[in-house]
Structures are given as structure tokens and as C-alpha cells.
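Heads up: numbering here begins at 1 and tracks the sequence. Remember, it's a predicted structure, so these values are computed and weren't measured experimentally.
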Amino acid sequence: QVQLVESGGGSVQVGGSLRLSCVSSRYIYSNNCIVWFHQAPGKEREGVAAISTGGGGARYDDSVQGRFTISEDNANYTVYLQMNSLKPEDTAMYHCAARLGSWCSAVWNNYKNYIYWGQGTQVTVST
């Protein structure tokens, strides 16, 4: 059974920080692409950050570059999203997703490329 489980969401004020966690089953963790997407009400799911697990590097959407950091904990099959300097426009449901068999590509932020998804964790940033 392939599973992704997110946690760490919550409500913060503008400028605050949160750290999201995505725990994956070992089957989908090694040498694959794991991505954080967010989706606000009425909007499409958008890629935020991606990591090629096993040392393949990270990619970020321009809107979060310099504020968010994606990282992996190999021992615990966990991918983190450290979110700093949060803005109201970061408010959304955050999901992690995984694609097997290769590291992240140039189209990492297309949600249609992923078949494994977590249930999501809500992030709300208020003024």
C-alpha cells in the first residue's frame, strides 16, 4: 500500500512560520520525486516545491523562493517544507505527492503527473 501522510498545518499571522511534514512508505521514498502542492478555494492545484529524494536536489516556485525550504530525512522517510515569512496568499490546503521511478523533471509542478497523494493539511495566514 502506497501512502503519504501530511501534518504540521495550522493558523499563523503574517510573517510567521510553519513546518509541514510528509511521511511516505519506504516503497515510494527512494530515488523518486516528492512535491508539495497547494490549492486555495476555487483555484487549481499549484506546485510549491519539489525534491528528488536521495540527493537529487530541490526546485521551487518563484512565489516561495527564498521563503520556503524543502528537505528530506532519509532515516524517517519524511519530506519537510519549512515555510517562513508567510503571506496571506500562502493560505491553502497543502498536499504532498509522489512520482515513482525518476527524479523531478522540468515539469515537476504539473499536478497531473502524480498519482500518489496525501490527504492534505490546511495552512491559514491571517493579517
Side-chain angles (χ1 to χ4, degrees):
Q1 183 76 19
V2 174
Q3 288 187 326
L4 294 169
V5 180
E6 304 100 330
S7 63
S11 297
V12 296
Q13 292 189 325
V14 170
S17 298
L18 286 171
R19 188 177 78 160
L20 307 184
S21 299
C22 172
V23 180
S24 67
S25 58
R26 181 174 183 176
Y27 173 68
I28 64 170
Y29 186 79
S30 301
N31 300 317
N32 296 301
C33 179
I34 296 183
V35 181
W36 283 100
F37 287 86
H38 70 191
Q39 186 169 22
K43 294 188 177 181
E44 275 209 343
R45 199 164 288 193
E46 299 176 330
V48 174
I51 191 163
S52 297
T53 59
R59 299 170 184 253
Y60 297 93
D61 184 76
D62 288 345
S63 65
V64 305
Q65 184 76 44
R67 299 190 297 123
F68 291 9
T69 303
I70 191 170
S71 62
E72 58 178 325
D73 177 347
N74 293 338
N76 294 300
Y77 311 121
T78 301
V79 170
Y80 298 104
L81 185 67
Q82 178 67 44
M83 306 188 296
N84 298 328
S85 302
L86 283 161
K87 304 176 180 180
E89 52 263 43
D90 295 319
T91 295
M93 181 70 76
Y94 283 72
H95 299 267
C96 63
R99 189 185 70 194
L100 304 185
S102 64
W103 280 347
C104 302
S105 72
V107 290
W108 62 270
N109 54 354
N110 186 341
Y111 70 90
K112 297 177 182 178
N113 292 336
Y114 301 87
I115 61 171
Y116 301 111
W117 291 85
Q119 82 289 349
T121 185
Q122 178 68 36
V123 171
T124 303
V125 184
S126 58
T127 57

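Contacts classified as side-chain hydrogen bond (donor to acceptor under 3.5 Å, both in side chains) and involving residues 9-24 (residues at least two apart or in different chains) are given here: Ser17-Asn84. Among residue pairs with one or both ends in residues 51-66, none qualify as salt bridge (Lys or Arg N to Asp or Glu O under 4.0 Å); sequence neighbours excluded. The disulfide (SG to SG under 2.5 Å) analysis of residues 12-92, with sequence neighbours excluded, yields the pairs Cys22-Cys96, Cys33-Cys104. Screening residues 81-110 for salt bridge (Lys or Arg N to Asp or Glu O under 4.0 Å) gives Arg67-Asp90 as the qualifying pairs, with residues at least two apart or on separate chains. Residue pairs meeting the salt bridge (Lys or Arg N to Asp or Glu O under 4.0 Å) criterion with at least one member in residues 27-47, sequence neighbours excluded, do not occur.
Partners of His95 by ring pair (Phe, Tyr, Trp, His ring centres under 6.0 Å), not counting sequence neighbours: none found. With sequence neighbours excluded, the residues that form a side chain to side chain donor-acceptor pair (under 3.5 Å) with Asp73 are Asn76. Listed by chain and residue number, Tyr60, Ile70, Leu81 satisfy the side chain to side chain contact (heavy atoms under 4.5 Å, CB included) test with Ala49 (two or more places apart in sequence, or in another chain).
With side-chain heavy atoms closer than 4.5 Å counting as contact, directly or through intermediates, the hydrophobic cluster containing Tyr114 also holds Val35, Phe37, Trp108, Tyr111, Trp117. The hydrophobic cluster containing Val23, built from Ile/Leu/Val/Met/Phe/Trp/Tyr side-chain heavy atoms closer than 4.5 Å, comprises no other residue. Side-chain contacts under 4.5 Å among hydrophobic residues (ILVMFWY), followed directly or transitively, place Val5 with no other residue at all. Applying the under-4.5 Å side-chain rule to Ile, Leu, Val, Met, Phe, Trp and Tyr, the cluster around Tyr80 consists of that residue alone.
Looking only at side-chain heavy atoms (C-beta outward), Leu20 and Glu6 stay at 4.5 Å or farther from each other. Between His38 and Val123 the shortest side-chain heavy-atom distance does not fall below 4.5 Å.
Between Thr127 and Pro88, the closest heavy-atom pair is CG2-CG, 3.9 Å. The heavy-atom pair separating Gln122 from Thr91 by the smallest distance is NE2-CG2, 4.1 Å.
Annotation: the span from Thr53 atom OG1 to Asn32 atom CG amounts to 5.0 Å, rounded to 0.5 Å.
Under a hydrophobic clustering in which Ile, Leu, Val, Met, Phe, Trp and Tyr are joined whenever their side-chain heavy atoms come within less than 4.5 Å, directly or via other members, Trp103 and Leu4 fall into different clusters.
A side-chain donor-acceptor contact under 3.5 Å links Thr121 to the backbone of Gly9.
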